[in-house]
Amino acid sequence: MTDSRVTDSRVTASPGRAIDLIAFDVDGTLVEHPDGRVIWQLLNERYHGSDEIGEARYREFAAGRLEYQRWVELDVTGWMERGATRAQLLEEVRKLRRIAGARQTLAGLQSRGYKLAVISGTLDLVLEEHFPSHPFDVVHSNKLHFDADDRLHAWEATPFDHEGKAHALQALADRYGLPLSRCAFVGDNLNDVAATKAAGFSIALNPKTPEIEAAAHVSIRAAHLGAITEFFP
């Protein structure tokens, strides 16, 4: 991917240390799939043969006819009914890869004193696999639970996806005694728009929709996560 960026007129220079906390989305931002899929799509394809059921549920959610927690429940119970195990789920998780430079970039940000967080609709298994010694102070994601035989048997749906991402960012600001103006967000897709608008500074990294590009202060297309560091000295 060729590095390029589009900078919004609201940003004329790096925000510098006006930012103290940086929150990240995961799927499409910190990890990626060669065909652009996310973990939910991969798992629905494994257990249902395609992601048509996921696409239908997204349309119901977008129309306001399906609550997010119920959406998660329907997907996860569908996998459970088909005998999903940790090993099987990890096979799909390993089809994802860390975006180039992710570990080094996050470690560098942490070493320079930034608080780091995840606000994502991903599964905790994705972070456990790809960032086992992660630098995040707080992680908000969906969680899976396995029984003694490593079969999937329970879940916890995050309240912090889509519009809830903005609430999570506010909760992080409150936790660390920061105004939102000192909190940044990095995301890539439609479910990141609320947090992108709420943040004092926001980056659309390899944006997938025009809505996230319009909402972000800066839009970057880059193959390496280090492209964001010019804004966080």
Side-chain angles (χ1 to χ4, degrees), residues 3-31 68 99 101-122 124 127 131 134-142 158-222 224-233:
D3 286 6
S4 64
R5 57 182 48 79
V6 176
T7 304
D8 188 279
S9 60
R10 291 171 291 175
V11 178
T12 56
S14 163
R17 290 319 302 254
I19 296 298
D20 296 306
L21 180 146
I22 310 168
F24 292 85
D25 170 54
V26 174
D27 285 294
T29 302
L30 295 181
V31 301
Y68 181 82
I99 187 172
R103 282 182 172 173
Q104 305 95 303
T105 300
L106 293 170
L109 292 170
Q110 183 185 44
S111 70
R112 295 200 294 280
Y114 290 98
K115 293 285 186 186
L116 302 180
V118 160
I119 306 174
S120 176
T122 197
D124 56 353
L127 281 171
F131 296 92
H134 68 70
F136 304 111
D137 297 281
V138 179
V139 172
H140 292 301
S141 71
N142 292 290
T158 179
F160 300 127
D161 201 355
H162 293 267
E163 295 299 318
K165 289 194 175 192
H167 302 311
L169 194 64
Q170 181 65 66
L172 287 168
D174 294 343
R175 175 173 180 159
Y176 292 110
L178 299 170
L180 278 173
S181 61
R182 299 186 73 88
C183 299
F185 184 79
V186 183
D188 75 305
N189 218 327
L190 196 60
N191 65 326
D192 297 317
V193 169
T196 297
K197 289 179 176 178
F201 179 71
S202 54
I203 296 176
L205 181 64
N206 300 320
K208 309 303 187 300
T209 65
E211 290 87 351
I212 187 84
E213 286 195 271
H217 292 88
V218 174
S219 177
I220 299 175
R221 297 187 185 277
H224 196 286
L225 189 63
I228 72 170
T229 58
E230 68 173 276
F231 301 101
F232 303 114

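Every heavy atom of this structure was used, including side-chain atoms; hydrogens, water molecules and symmetry mates were not. Model, not experiment: these values are computed from the prediction.
- Contact annotation: the side chain of D25 approaches that of S120 to within less than 4.5 Å [non-hydrogen atoms, C-beta and beyond].
- Shown here are the side chain to side chain contact (heavy atoms under 4.5 Å, CB included) partners of E163, two or more places apart in sequence or in another chain: A194.
- Nearest heavy atom pair, residue D137 against residue Y114, reads OD2-O, 4.5 Å.
- Separation of atoms CD (Q104) and OG1 (T229) is listed at 11.5 Å; rounding is to 0.5 Å.
- Residues L106 and L225 form a side-chain contact, since some pair of their non-hydrogen atoms from C-beta on lies under 4.5 Å apart.
- Residues Y68 and G121 approach most closely at OH-CA, 3.8 Å, considering heavy atoms.
- Minimum heavy-atom separation, S181 to I19: O-CD1, 3.7 Å.
- For the atom pair OG1 of T122 and CG of D27, the computed distance is 3.5 Å after rounding to the nearest 0.5 Å.
- Between F231 and F201, the ring-plane angle classifies as tilted under the 30° and 60° cut-offs.
- Distance NE2/H140 to CG/L172: 4.5 Å, rounded to 0.5 Å.
- At a threshold of 4.5 Å between non-hydrogen side-chain atoms, the residues P207 and R221 count as touching.
- Contact check for H134 versus V139: side-chain heavy atoms found under the 4.5 Å cut-off.
- Distance check, rounded to the nearest 0.5 Å: CZ of R175 to CD of Q170 gives 14.5 Å.
- Within the 4.5 Å cutoff, no side-chain heavy atoms of L205 are placed close to those of F24.
- Atoms CG and CG, on L169 and L178 in that order, are 10.0 Å from each other to the nearest 0.5 Å.
- For the pair N206/D188, no side-chain contact is recorded, criterion being any heavy-atom separation below 4.5 Å from C-beta on.
- When every heavy atom of H217 is checked against every heavy atom of A199, the shortest pair comes out as CE1-O, 3.7 Å.
- The salt bridge (Lys or Arg N to Asp or Glu O under 4.0 Å) contacts involving residues 191-203 comprise K165-D192, where partners must be two or more places apart or lie in separate chains.
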